[in-house]
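In what follows, a single structure is set out as structure tokens and then discussed.
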Amino acid sequence: MGERISDHVGDRPDGRVTWQKSSFSGSDESQNCVEMAGVDGVIKLRESEDPDRVITIPVERLRAFILGVKAGEFDHLAH
């Protein structure tokens, strides 16, 4: 379960988080996707269809996970 936050905590002078989605998600704003934001030295992840539920992960742990995905360690979960 993720941490519940608003978009008003973050890295910009106005206090708002800048969320980014993958270009592979398409350009249609109605498409659901995973979004990421860098805030205070950590990465926040959320599902666009449930934006109040946020997972926070240190950059190093996300980097390790991405390297594992690239190496095929999680391929069995996508079948």
Side-chain angles (χ1 to χ4, degrees):
M1 219 180 276
E3 159 193 3
R4 295 183 69 80
I5 65 165
S6 74
D7 281 354
H8 296 279
V9 294
D11 55 351
R12 295 185 356 193
D14 63 2
R16 292 188 59 85
V17 172
T18 304
W19 292 97
Q20 179 180 347
K21 69 176 186 172
S22 169
S23 60
F24 290 97
S25 296
S27 59
D28 182 2
E29 289 297 321
S30 67
Q31 292 180 334
N32 295 326
C33 60
V34 174
E35 299 172 317
M36 298 176 66
V39 179
D40 299 330
V42 297
I43 301 296
K44 296 194 175 283
L45 303 166
R46 72 179 185 181
E47 180 68 36
S48 62
E49 64 189 27
D50 188 9
D52 289 335
R53 192 169 309 273
V54 177
I55 297 171
T56 302
I57 185 168
V59 173
E60 304 81 31
R61 289 187 184 170
L62 181 59
R63 182 178 294 118
F65 175 74
I66 290 171
L67 290 172
V69 169
K70 287 182 175 183
E73 293 178 19
F74 303 100
D75 288 356
H76 66 284
L77 298 173
H79 290 96

Rounded at 0.5 Å granularity, tell me how far [atom1] in [X] sits from [atom2] in [Y].
X     : Y     : atom1 : atom2 : result
Trp19 : Arg46 : CH2   : CZ    : 5.0 Å
Ile57 : Met36 : CD1   : CE    : 8.5 Å
Leu62 : Thr56 : CG    : OG1   : 11.5 Å

Step-by-step side-chain contact (heavy atoms from CB on, under 4.5 Å) determination, Val69 to Glu73: CA-CA 6 Å; Val69 169; Glu73 293 178 19; over 6 Å; no
Residues forming a side chain to side chain contact (heavy atoms under 4.5 Å, CB included) with Val59, sequence neighbours excluded: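 Testing Val59 for side chain to side chain contact (heavy atoms under 4.5 Å, CB included), a comparison that skips the adjacent residues, returns Ile43, Arg63.
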With Glu49 via side chain to side chain contact (heavy atoms under 4.5 Å, CB included) - residues at least two apart: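 Side chain to side chain contact (heavy atoms under 4.5 Å, CB included) check on Glu49 returns Asn32, Glu47.
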Selection residues 31-74 - residue pairs positive for ring pair (Phe, Tyr, Trp, His ring centres under 6.0 Å), sequence neighbours left out: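 For residues 31-74: Phe65-Phe74.
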Considering all heavy atoms, the nearest Val17-Ala37 contact: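 The pair with the smallest heavy-atom distance is CG1-CB, 3.2 Å.
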Side chain Ser48, main chain Cys33, donor-acceptor under 3.5 Å: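 Such a contact is found between Ser48 side chain and Cys33 backbone.
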